[in-house]
Amino acid sequence: MENENKAYYYRLDIYRLIFTIFVVTLHFEHFYKTLPKIYHLSCSLYRAVDFFFLLSGFLLYKSFRSQRYTNSLDFTFAKAKRLLPINFVVIIFTCFFMHFTLIKNLTDFFNLMKGFIQHTISALPNILFLQEFIPVFENFCGGDYFAPLWYISAMMVCCFIWFWYLAAAHQKYGENFKAYGLCLVVSIIIFAFVFNEYGHINIAQGFVPKINIPAGFLRGLADMGLGIFCANFSIKVNNKKLLVLLKILFPVLLFVLILYAAETTIDFVFIILCAFALIFEFSIEETPCKLVQSLCRFAGKASIPIYFSHAFVLIIVFTPVIQKWESLSSNFLLDMLVRTALVAAVSFIFYWLAKLFEKPFNRFCSCFVSKDFSAGGF
């Protein structure tokens, strides 16, 4: 297997930030509608999650080809370790503030701590990225406090399964294996089932009737499988003018199509277009100037705390604000400014709080060293 050179696909960080903003907009508009036209356009922004799943499939295959990880457990563990600090901070703060009241006496303090402990224990599957499969908090505590994090949970399990399959196939068939073709077959079968069952791809939490499998997991498994398959191809463009045109055309088409005809077969069209756009983006071989690289890396880093923290902002921070100043909803520009400022501020705070937990978590995780599993086994 070839050791691929590390490449920085700088444009993908811009994609990440834009699609993260789409997800944030979707959730804010779901609870607090602004202008009717904005709400109508936001209804199909759930497709941004399919972009993230597809991108994860591409990156998983790139990691597999690089031989950096020996087995699926190492790969998934490394991915989880990077996200664990910000995930932990968001969950702990949410559990503390979800029923926070001013403490007037010792009884209020004990009630607050009792609720915090109960919620934290119920959120243990969420901390371990298993809420899509073991929804303890969602069933017993209620509320949509961690709703956006279903994607992270489904992604982790899908990563483990697909990496394990690739490693097992490589061990069996050797260097020239073509087992990634099965990834496409699995994706088509799942997409066919989902469209026949639901008629669209907007599935997230909850279990599929009869087969008792998380709906979002099936969606992620199909998207990532398609991403793994497409990662084996590239689009070579030698004409500079055509290359510039495609650099503009692909994102414009994606950003327009994501706003069109929610919960229709356009869902599938968007997924196919995403796949082609990512093949193109991973085919670009150029190094931008340091300023552009710095800006793109910042955009990529910012997307993670924004995604993890925006539900906390929406429910814990923005809801009391809008309840106290109801007139805010009648001023579109001011409303957008407040939303943006709150998301940016809380994301920044959670980012630095997560930084404080990085070293303790790394030391804790270093205690768990996986054995040398064979590529084809768990």
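Sequential numbering from 1 along the given sequence is applied to the chain's residues. These values consider heavy atoms only, across backbone and side chains, with no hydrogens, waters or symmetry-generated copies.
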Nearest 0.5 Å, what's the CZ-OH distance between Phe163 and Tyr69? 8.5 Å
I want to check something: taking the side chain as every heavy atom from C-beta on, are Leu149 and Phe129 in contact at a cut-off of under 4.5 Å? no
Closest non-hydrogen atom pair, Phe270 against Leu257: CA-CD2, 3.7 Å
Check the angle between the aromatic planes of Phe58 and Phe282 and answer parallel, tilted or perpendicular using the 30° and 60° thresholds. parallel
Is there a side-chain contact between Arg11 and Lys247 (heavy atoms, below 4.5 Å)? yes
Checking Ser309 against Ser347: is there a side-chain donor and acceptor pair closer than 3.5 Å? yes
NZ/NE/NH1/NH2 to OD/OE distance under 4.0 Å, Asp13 and Arg16: yes
Within a radius of less than 6.0 Å around CZ of Phe193, do more than 12 heavy atoms belonging to other residues, nucleotides or ligands occur? yes
Looking only at side chains, do Asp335 and Tyr32 share a donor and an acceptor under 3.5 Å apart? no
Heavy-atom donor-acceptor pair, Ser44 side chain to Ala262 backbone, under 3.5 Å: no
Quick one: does any side-chain atom of Glu132 pair with a main-chain N or O of Gly216 as donor and acceptor, under 3.5 Å? yes
Judged by modelled atom types alone, do Glu281 and Tyr15 share a side-chain donor-acceptor pair under 3.5 Å? yes
Ring-plane angle category for Tyr198 and His200, please: parallel below 30°, perpendicular beyond 60°, tilted otherwise. tilted
For Phe19, run the ring pair (Phe, Tyr, Trp, His ring centres under 6.0 Å) check against Phe255, Phe53, Tyr307, Tyr151 and tell me which one passes. Phe255
